[in-house]
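In what follows, chains are A, B, ... by sequence order, proteins preceding strands, each numbered from 1.
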Protein chains: 4
Amino acid sequence: MSLRKKKSEIIKKEKRNLFIISALSVFEEKGFNNTRIKDITKRANTSVGNLYNYFKSKEEIFEVIISGIAELMISKFKELFVYFKDNKIPPIYAVKNLFRGYARIFKAKKETFLIFFEQMGGINTKYRAKRNKIIDNFTKEVEKIIIKLLEFGARPQNPKISARVWTSTVLGVFTWWIRSDFEPEEEELVNNLTAFLSRGTMTK
Amino acid sequence: MSLRKKKSEIIKKEKRNLFIISALSVFEEKGFNNTRIKDITKRANTSVGNLYNYFKSKEEIFEVIISGIAELMISKFKELFVYFKDNKIPPIYAVKNLFRGYARIFKAKKETFLIFFEQMGGINTKYRAKRNKIIDNFTKEVEKIIIKLLEFGARPQNPKISARVWTSTVLGVFTWWIRSDFEPEEEELVNNLTAFLSRGTMTK
Amino acid sequence: MSLRKKKSEIIKKEKRNLFIISALSVFEEKGFNNTRIKDITKRANTSVGNLYNYFKSKEEIFEVIISGIAELMISKFKELFVYFKDNKIPPIYAVKNLFRGYARIFKAKKETFLIFFEQMGGINTKYRAKRNKIIDNFTKEVEKIIIKLLEFGARPQNPKISARVWTSTVLGVFTWWIRSDFEPEEEELVNNLTAFLSRGTMTK
Amino acid sequence: MSLRKKKSEIIKKEKRNLFIISALSVFEEKGFNNTRIKDITKRANTSVGNLYNYFKSKEEIFEVIISGIAELMISKFKELFVYFKDNKIPPIYAVKNLFRGYARIFKAKKETFLIFFEQMGGINTKYRAKRNKIIDNFTKEVEKIIIKLLEFGARPQNPKISARVWTSTVLGVFTWWIRSDFEPEEEELVNNLTAFLSRGTMTK
DNA sequence: AATGAATGAGTGTTCATTCAT
DNA sequence: CATGAATGAACACTCATTCAT
């Protein structure tokens, strides 16, 4: 590819990103259904028609914004499973690391998570289903951990319910946290969550 | 008021109720934004125009459906405060009663809670704010309890965070429960939740 | 069906007809692609949205207008075939009757035929194909007659070509006739056409 | 003009031609209204903006394509008039020559004629009027011949109608011929047309 | 009260044309 | 000349609300 072409590719990608960022912020502010294409393009300092040079529809932008959130949510759990391989329970600092990871992710993707958790279910049935599926998949991962812990002697409990508690907590608490401008401090939040959920799950 | 008048009042109220029930079921199914007035009136076996004899707008029906949910959510907590008056910590069965109460409420108002928790934030900014306010108020009530418990020697913790965990759990878990057709059994759910949240909150 | 219902059915059908007539006249005047929905509804003295209570799209009105033209075009030929059954050639007055029939049809459906012959091919590929198919089917009917005549001793000729001459003539001449406000007189037109095409086809 | 300048002029004219050819083929395929500027430039292996260095609008390309068709259609008739000057009726081979000429013209300008006859009336009122004017002028030329033939003792007939039959036939039959990939053979087509129209027009 | 036709403002998307590079 | 991103007017269709019957 020529140098000129490579450059224009980059510019195009940047423009596309600008659209995504603009759309993200308007969606978060007004909600998908009450966002006008013009709102997005105005915020991106361009014209209505131009958006359609980068995306084929309003929904496509939304999809792009949401895509990746599923992987993002599951990603942090992988690290915990390492311990199980060595026949050990994840130590407390590993759990702390888990929640610290989520704090960072939610902070970095603030608007995306707000849209995902607060709005997505209300846009239409398709997105409601999608949202619930993502949450369910996340819960399944948690459940696997709970089941492992039970094998290691955790307090007897229905793993489905406990997993759902963890999921609800992570989503609910972190969404609240970003909504309230990252108050309380990250460290305090992480410590409290670790303590609460560990005690809820384990005997000791 | 004459007997005849009273009777017609009752009929009118019944008709109004029919509209509300119809709207509720369509809203839950299609979401507010994708519900057409005709969908509601068809389900109520009447005509589009007639709905406007009972409600002044589509939003008004929605408001009626949602109204009361705030009180409903706080209601169950009052009972716990009785113990604090006698300088006692609420015993485990009282907490269980609390959760059993919520199970019943969510079961009875299944559609309403699904709309409230999954959809309401996505309709428009006004309802997003309303939704978050209701959740915040609920959390404030929980926080009061946590603070009381701390006075009684509970494990040191940030009451705001713990309260948020309780809220997220109640909303998240019960919403999941009604979405999955009341599986697991109510008793098991209540027992597990009680155990999990008590241990998370208390030292013993 | 109740009397009231029957009445409203009739009114509805009349309204629908009004839309069709309005659309027909605007289409003929401006062409399908340059006709705005508002042009049609204005001519029907109603509002844009109301049109969609009767038709599901702009195309649907067009289809309704065009539908039936195929049958209409073939219809007149059936009468000629009667003679062949009795082993006779259609006499000259029968052919005259044929053309008189077309004169009447084109007169009655003036706008429809103008749209069909002058415009339909330019709307889009779908309608171009449809138009050509209708013309081809019409030609096939004519061809059957030519073949019959050949059996009866008509001048040797390629029936496909002769049929195409007949088709082109009927469509071209009658379209011109309605475009020029039915000048010349119907009788003269019919006589001349009969003479011309008979001589072109037959030996005698 | 310098040599260099002359050369670039030629290149420019070639590029312009390429655009015309590309446009012609897309117009024929998709129709004017459903052709996008991008379709044309893609087929010409160049960019959208570049087209506007050669033409000032989409309509202009269309005009260029259609221009000349009027002269082309009348051109062939001149030859017949030579005979009248010598007080002779055109012999049969002269008429054949006429039709052979049209066969060649339609073959050479296949797409243009298809657009002209099938589509042009449907693009907009302006082009419909133009199309009809060209057809009417063509008919006027034919009429002149018919009148001459009447002077020479042709079968009594309304020359306007006969002329319209000729026009319809030429346009209709040759358009069909190019649409069906030049089937039947040119010679057979020409012979049949000559026979048909001669007999229809003349006594003998 | 009940009906459903009528209203018309509102919105996503298209596309000929322009223009900076 | 060449490129293709940028522009924005235009349009089909939707749907909450009104209103005549």
Side chain of [X] (C-beta onward), nearest among [options]:
| X | options | answer |
| --- | --- | --- |
| A/V48 | E/dT14, E/dA5, F/dC13 | E/dT14 |
| D/R36 | F/dT3, F/dT17, E/dC15 | E/dC15 |
| A/K58 | E/dG12, F/dC13, F/dT18 | E/dG12 |
| C/N53 | F/dA2, E/dA2, E/dA6 | E/dA6 |
| D/K12 | E/dG4, F/dA6, F/dC1 | F/dC1 |

TODO: Indicate whether the side chain of A/T46 and that of A/N50 have a donor and an acceptor atom separated by less than 3.5 Å.
DONE: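 Yes, a side-chain donor-acceptor pair sits under 3.5 Å.
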When you measure from the side-chain N and O atoms of [X] to the phosphate of [N], is any distance below 4.0 Å, counting only OP1 and OP2?
| X | N | value |
| --- | --- | --- |
| B/T46 | E/dT3 | yes |
| A/K38 | E/dT11 | no |
| A/Y52 | E/dT13 | yes |
| C/Y54 | E/dA6 | yes |

Task: Rounded distance in Å - CZ (D/F19) to P (F/dC1) - done: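 Value for this atom pair: 10 Å.
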TODO: Starting at atom CZ of A/F32, determine the distance to atom P of E/dG12, rounded to an integer number of angstrom.
DONE: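 It is 8 Å, rounded to the nearest whole Å.
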Task: C/K56 vs A/S47, nearer the 5' end of DNA chain F by closest nucleotide - done: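 First, find each residue's nearest nucleotide; the 5'-ward one identifies A/S47.
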TODO: Could you check D/N50 against C/N50 and say which one's nearest nucleotide on DNA chain F is further toward the 5' end?
DONE: D/N50
Open item on the list: In terms of relative ring orientation, are C/F19 and C/Y54 parallel, tilted or perpendicular, with 30° and 60° separating the classes?
Closed with: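 Ring orientation of C/F19 relative to C/Y54: tilted.
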- [ ] Just say parallel, tilted or perpendicular for the rings of C/F27 and C/F32, cut-offs at 30° and 60°.
- [x] tilted
Open item on the list: What's B/T35 touching, base or sugar-phosphate or nothing? Going by heavy atoms closer than 4.0 Å.
Closed with: sugar-phosphate
- [ ] Please answer whether the main-chain N or O of A/K56 pairs with a side-chain N or O of A/E60 as donor and acceptor at a distance below 3.5 Å.
- [x] yes
